[in-house]
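The structure appears right after this line, and notes come after that.
Here, residue 1 is the first one in the sequence, and each next residue gets the next number.
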Amino acid sequence: KVSWAMASSKMKPEELYGAKKVAETKQLFRVLAVFIPFPFFWALFEQQGSRWIVQAKRMNGALGDITIKPDQMQVFNPLLILCLIPVFETVVYPMMKKLGLPTGATFRMVAGMVLVALSFVICGFVELSMEERVAAYNEKHLTSYTLETLPQANQLHILTTIPQIFVITCGEILCSITGLEFAYAYAPTSMKSVCQSFFLLTNAFGNVITIIFTKATKRDLHLYFMWAGIEV
C-alpha cells in the first residue's frame with residue numbers, strides 16, 4: 001500500500017529510492033550499453049567447440065606415431081591464454097603506448113572483435129584449401145571423393161588450424177578479458193555482481209545467434225565468411 005501510494009503521488013525516483021541508488025542504476029545502464037556487441041563475439045568464439053571441430057574432423061591428424069584428435073586442438077586456446085596474457089601486459093600494451101595507439105578498454109574490445117572476425121577469415125581460407133585439395137584429387141584420379149571421404153594422407157594437416165586458434169585467442173584476450181575488467185571497474189560498488197551477470201548473459205545470447213544463423217547455408221566455406229562479416 002505504501003509503495004502504491006508513493007507511485008501514485010508521482011514522486012521522483014530520487015525521492016522513492018534515494019539519489020545514490022538512482023545514480024548507481026544509471027551508471028549500470030551506461031556500462032551495460034558497452035556489452036551490446038558481445039553476443040556477436042561469443043557467437044563466433046564458442047564455435048571453436050563445434051564448427052571448428054567439424055572442420056578438424058576432415059583433416060589429417062597424424063603426427064609421427066600419434067594421432068591428434070579434432071577435439072584435442074581445443075587445448076591450444078587455454079595454453080595460449082596462459083602464455084599470451086603476460087606478453088600482452090608486458091610487451092603489447094606498452095608498445096602500443098609508445099606508438100601512440102589507444103590502449104583504453106573500448107579500443108581493446110573493438111580490436112579483439114576484429115581479430116575474432118579475422119580468425120574466421122583464416123578459417124574460411126583453410127576450408128577453401130581443403131576443398132581445392134579434394135577437387136584436385138578427384139580430377140587427377142577420376143574419383144568423386146568429398147571432404148569427409150578423402151584419404152587421410154591427402155587431407156590438409158590438422159595443425160594448419162593453429163593460426164586461426166592463435167588469432168581468436170588474441171581476440172579473446174583483448175575483448176573478453178578487457179570486458180570483464182571493464183565490467184568490474186566501472187560498475188557501481190553495489191552492482192558489480194549484477195554487471196558481471198549481464199556480461200555472462202551475453203554469452204547465452206551469442207548461442208542464440210549461432211542457432212539462428214547456422215543454417216543460413218549448408219556449405220561450411222560460406223558460413224565461415226558469413227560469420228566474419230556478421231562480426232565486422
Side-chain angles (χ1 to χ4, degrees), residues 40-84 87-88 92 110-141 143-176 206-207 209-232:
F40 296 97
F41 165 81
W42 293 119
L44 275 70
F45 181 82
E46 295 297 345
Q47 291 188 56
Q48 287 186 96
S50 56
R51 184 64 57 184
W52 284 17
I53 290 181
V54 172
Q55 183 185 57
K57 284 182 178 180
R58 300 173 299 193
M59 305 178 87
N60 182 6
L63 186 65
D65 296 331
I66 64 173
T67 300
I68 303 174
K69 302 296 182 182
D71 55 344
Q72 291 175 339
M73 292 300 296
Q74 293 186 81
V75 75
F76 283 99
N77 176 254
L79 288 178
L80 286 171
I81 284 286
L82 293 174
C83 295
L84 290 176
V87 174
F88 270 78
V92 177
V110 171
M113 292 181 186
V114 171
L115 286 179
V116 171
L118 178 60
S119 72
F120 269 73
V121 172
I122 298 172
C123 185
F125 280 110
V126 170
E127 186 76 12
L128 179 61
S129 178
M130 292 166 62
E131 291 186 0
E132 289 175 346
R133 276 176 170 258
V134 175
Y137 187 89
N138 288 335
E139 184 178 352
K140 181 178 180 180
H141 299 279
T143 54
S144 57
Y145 283 107
T146 64
L147 285 170
E148 290 76 13
T149 60
L150 186 70
Q152 187 181 45
N154 300 98
Q155 294 174 337
L156 202 64
H157 200 275
I158 198 169
L159 293 180
T160 311
T161 61
I162 288 182
Q164 66 199 49
I165 296 173
F166 176 83
V167 173
I168 202 171
T169 302
C170 291
E172 180 186 7
I173 293 172
L174 286 167
C175 192
S176 177
N207 291 327
I209 292 173
T210 302
I211 294 171
I212 294 172
F213 286 98
T214 292
K215 296 184 179 180
T217 175
K218 294 182 179 180
R219 189 178 177 187
D220 287 345
L221 176 64
H222 294 162
L223 274 175
Y224 295 133
F225 288 115
M226 180 198 73
W227 282 115
I230 289 174
E231 178 66 8
V232 173

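- Legend: side chain to side chain donor-acceptor pair (under 3.5 Å) pairs involving residues 110-126, not counting sequence neighbours: none detected.
- Remark: Thr161 engages no residue in a side-chain hydrogen bond (donor to acceptor under 3.5 Å, both in side chains) (not counting sequence neighbours).
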Identify every side-chain donor-acceptor pair in residues 150-158 under 3.5 Å, counting partners at least two apart or on other chains, and give the distances.
unit_1 : atom_1 : unit_2 : atom_2 : d
Gln155 : NE2    : Leu150 : O      : 3.0
His157 : ND1    : Leu159 : N      : 3.1
His157 : NE2    : Ala62  : O      : 2.6

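- In this view, Glu148 and Arg58 satisfy the salt bridge (charged side-chain N to carboxylate O under 4.0 Å, His left out) rule, not counting sequence neighbours.
- Annotation: ring pair (Phe, Tyr, Trp, His ring centres under 6.0 Å) contacts involving residues 47-80, sequence neighbours excluded, comprise Trp52-Phe120.
- Looking at every heavy atom in both residues, Ala117 comes nearest to Ala228 through O-CB, 3.4 Å.
- Not counting sequence neighbours, the partners of Thr143 by the side-chain hydrogen bond (donor to acceptor under 3.5 Å, both in side chains) test are Asn138.
- Rounding to the nearest 0.5 angstrom, the gap separating the CD atom in Glu172 from the CG atom in Leu80 is 10.0 Å.
- Scanning for ring-ring contact (aromatic ring centres under 6.0 Å, His included) contacts around Phe225 gives Phe125, with sequence neighbours left out.
- Between atom OG1 of residue Thr160 and atom CD1 of residue Ile122 there is a gap of 12.0 Å, rounded to the nearest 0.5 Å.
- Not counting sequence neighbours, the partners of Thr149 by the side-chain contact (heavy atoms from CB on, under 4.5 Å) test are Tyr145, Thr146.
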Verdict with supporting geometry, Val114 and Leu118, side chain to side chain contact (heavy atoms under 4.5 Å, CB included): CA-CA 6 Å; Val114 171; Leu118 178 60; 5.5 Å; no

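- To the nearest 0.5 angstrom, Thr214 atom OG1 is 5.0 Å from Trp227 atom CH2.
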Applying side chain to side chain contact (heavy atoms under 4.5 Å, CB included), run through Arg133 and Leu147 and close with a yes or a no. CA-CA 9 Å; Arg133 276 176 170 258; Leu147 285 170; over 6 Å; no

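- From Arg51, atom CZ reaches atom CG of Leu223 across 5.0 Å, with rounding to the nearest 0.5 Å.
- Listed by chain and number, the residues in a side-chain contact (heavy atoms from CB on, under 4.5 Å) with Phe88 are Leu84, Val92, Tyr93, Cys170, Ile173, Leu174 (sequence neighbours excluded).
- Applying the ring-ring contact (aromatic ring centres under 6.0 Å, His included) criterion to Phe45, with sequence neighbours excluded, gives Phe41, Trp42.
- Checked against salt bridge (charged side-chain N to carboxylate O under 4.0 Å, His left out), Glu46 has no partners two or more places apart in sequence or in another chain.
- A side chain to side chain donor-acceptor pair (under 3.5 Å) check over residues 61-73, counting only residues at least two apart or in different chains, returns nothing.
- Remark: Leu221 CG to Leu128 CG distance equals 5.5 Å, nearest 0.5 Å.
- Taking all atoms of both residues into account, the shortest heavy-atom contact from Cys83 to Val87 is O-CG2, 3.4 Å.
- Closest heavy-atom contact between Met130 and Gln55: CE-O, 3.8 Å.
- Side-chain contact between Met59 and Met73 is absent, with no heavy-atom pair separated by less than 4.5 Å.
- Side chain of Gln47 to main chain of Ala43: a donor-acceptor pair is present (N/O by atom type, distance under 3.5 Å, no hydrogens or angles).
- Considering CG of Asn207 and OG1 of Thr210, their distance stands at 5.5 Å, rounded to 0.5 Å.
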